[in-house]
Amino acid sequence: MKTILITGAAGDVGTHLRRELASKYVLKASDLRSLTKINKEEKFVRADISKFSDALRITKGVDAVVHMGGYSVEGPWDGILQANIIGCYNVFEAARRNGVKRIVFPTSNHATGFYRRKDTIDHRVYPKPDGRYGVSKVFGEALGSLYADKYGMEVFCIRIGNVNPVPIDKRRLSIWLSPRDLAQLVTIGIEHPKIRFEIVYGVSRNKRSWYDNSNAYRLGYKPQDDSERYAKEVMAREKPGADPIAEMYQGGTFTVAEEVPNPAPLPKMKRKK
Ligand code: 15L
């Protein structure tokens, strides 16, 4: 069995993933926080990835890294800088020094959140991050590309939509990723023999998807779930009056999440008070 390091193991997505992958791999679960539950065949290693020595310690002796660790929503720059820029660099560089070739990097739909909902985008579009968090994910993708081209590492980037047992609102009907489809994508990222640098979208086979996910399908992804099954109940719960800018873009409220009002509202778009 391969030994896989999962950083950010205590987070929501990390917790789903550890449960789904438990029987397939020996998991080395790492986080700054404690795990609420440690599964069988799993070892917990506490680490702060913004410290290079910690990153070096946890990447030793593993077959692949699934780097979930970091800040997972929009937030203040310093937190994002430490966790998602410095932390991400540390994990890639530590993996390289320890001879770990394969990295699965869960990036985010927020790397391309400023594309409009009326657009269908594929893995080749120019990034359009919707905040500091989105920028940090574009940084991780760029770092992955560099480490693949320069050092021969094998990097699989998954632009994750929203991982949840069920889709939670209208926007998430388009970007939902069920835990078992997440596990399938991560497994492709770990196992596929011909990965150099790839970007795929981390979404289930949603009828309302904004993505052309043909690159994932080319690599063998066969999603089992479709959010449409939940659409009726989700739409019945949906409250009217959402911010029109957030509604226009794929990134939703991340596109308007700021401490100050959006400095450049679109012409003729009036923000609801
Ligand atoms: C993300 O990238 C976040 O990590 C997650 O918490 C969700 O907010 C998700 O995007 C989303 O767009 O719903």
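What you see below is based on every heavy atom in this structure, not just the backbone, and it leaves out hydrogens, waters and symmetry mates.
- Looking at N215, its side chain does come within 3.5 Å of a backbone N or O of I199 through a donor-acceptor pair.
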Problem set entry | Steps toward side-chain contact (heavy atoms from CB on, under 4.5 Å) verdict (V65, F92) | CA-CA 9 Å; V65 177; F92 272 86; over 6 Å; no
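- Of all heavy-atom pairs between V155 and A148, the closest is CG2-CB, 4.4 Å.
- Of the possible donor and acceptor atoms, one in the side chain of W176 sits under 3.5 Å from a partner among the backbone N and O of N164.
- Between V203 and W210, the closest side-chain pair of non-hydrogen atoms is not below 4.5 Å.
- Side chain of D63 to backbone of K2: no donor-acceptor contact under 3.5 angstrom is found.
- Proximity of R117 to R171: side-chain heavy atoms (C-beta onward) are separated by under 4.5 Å at one or more points.
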Exercise. How far apart are the C-alpha atoms of K137 and E141, what are their side-chain angles, what is the distance that settles it, and do they pass the salt bridge (Lys or Arg N to Asp or Glu O under 4.0 Å) test?
Worked result: CA-CA 6 Å; K137 290 299 183 179; E141 294 177 4; over 6 Å; no
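- No side-chain heavy atom of K43 sits less than 4.5 Å from a side-chain heavy atom of V26.
- Using a 3.5 Å distance cut-off with no hydrogens or angles, the side chains of S204 and N206 do not pair a donor with an acceptor.
- Across H123, H192, R218, a single residue satisfies side chain to side chain donor-acceptor pair (under 3.5 Å) together with E198, and that is R218.
- Remark: R205 is positioned above the aromatic ring of Y217, its terminal NZ or CZ atom under 6.0 angstrom from the ring centre and at most 45 degrees off the axis.
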Exercise. side-chain contact (heavy atoms from CB on, under 4.5 Å) between D181 and Q224: does it pass, once the steps are laid out?
Worked result: CA-CA 6 Å; D181 285 343; Q224 290 178 273; 3.7 Å; yes
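- Ring geometry for Y133 versus H110: interplanar angle of 30 to 60°, hence tilted.
- For the pair D169/E238, a side-chain contact is recorded, criterion being any heavy-atom separation below 4.5 Å from C-beta on.
- Two residues are said to be in side-chain contact when any heavy atoms from C-beta on lie closer than 4.5 Å; Q82 and Y71 fail this criterion.
- Side-chain atoms of R132 come within 3.5 Å of backbone N or O of G75 as a donor-acceptor pair.
- You'll find the side chain of V163 stays beyond 4.5 Å of the side chain of D12, heavy atoms only.
- Within the 4.5 Å cutoff, the side chain of K37 has heavy atoms near those of the N39 side chain.
- Exactly one residue among T107, I188, L219 makes a side-chain contact (heavy atoms from CB on, under 4.5 Å) with V200. That residue is L219.
- In this structure, the side chains of L143 and C88 come closer than 4.5 Å at one or more pairs of heavy atoms.
- Between the side chain of T7 and the main chain of M68, a donor-acceptor pair closer than 3.5 Å is present.
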Exercise. Should F139 and N84 be marked as a side-chain contact (heavy atoms from CB on, under 4.5 Å) after you check the CA-CA gap, both sets of side-chain angles, and the distance that decides it?
Worked result: CA-CA 8 Å; F139 171 82; N84 294 15; over 6 Å; no
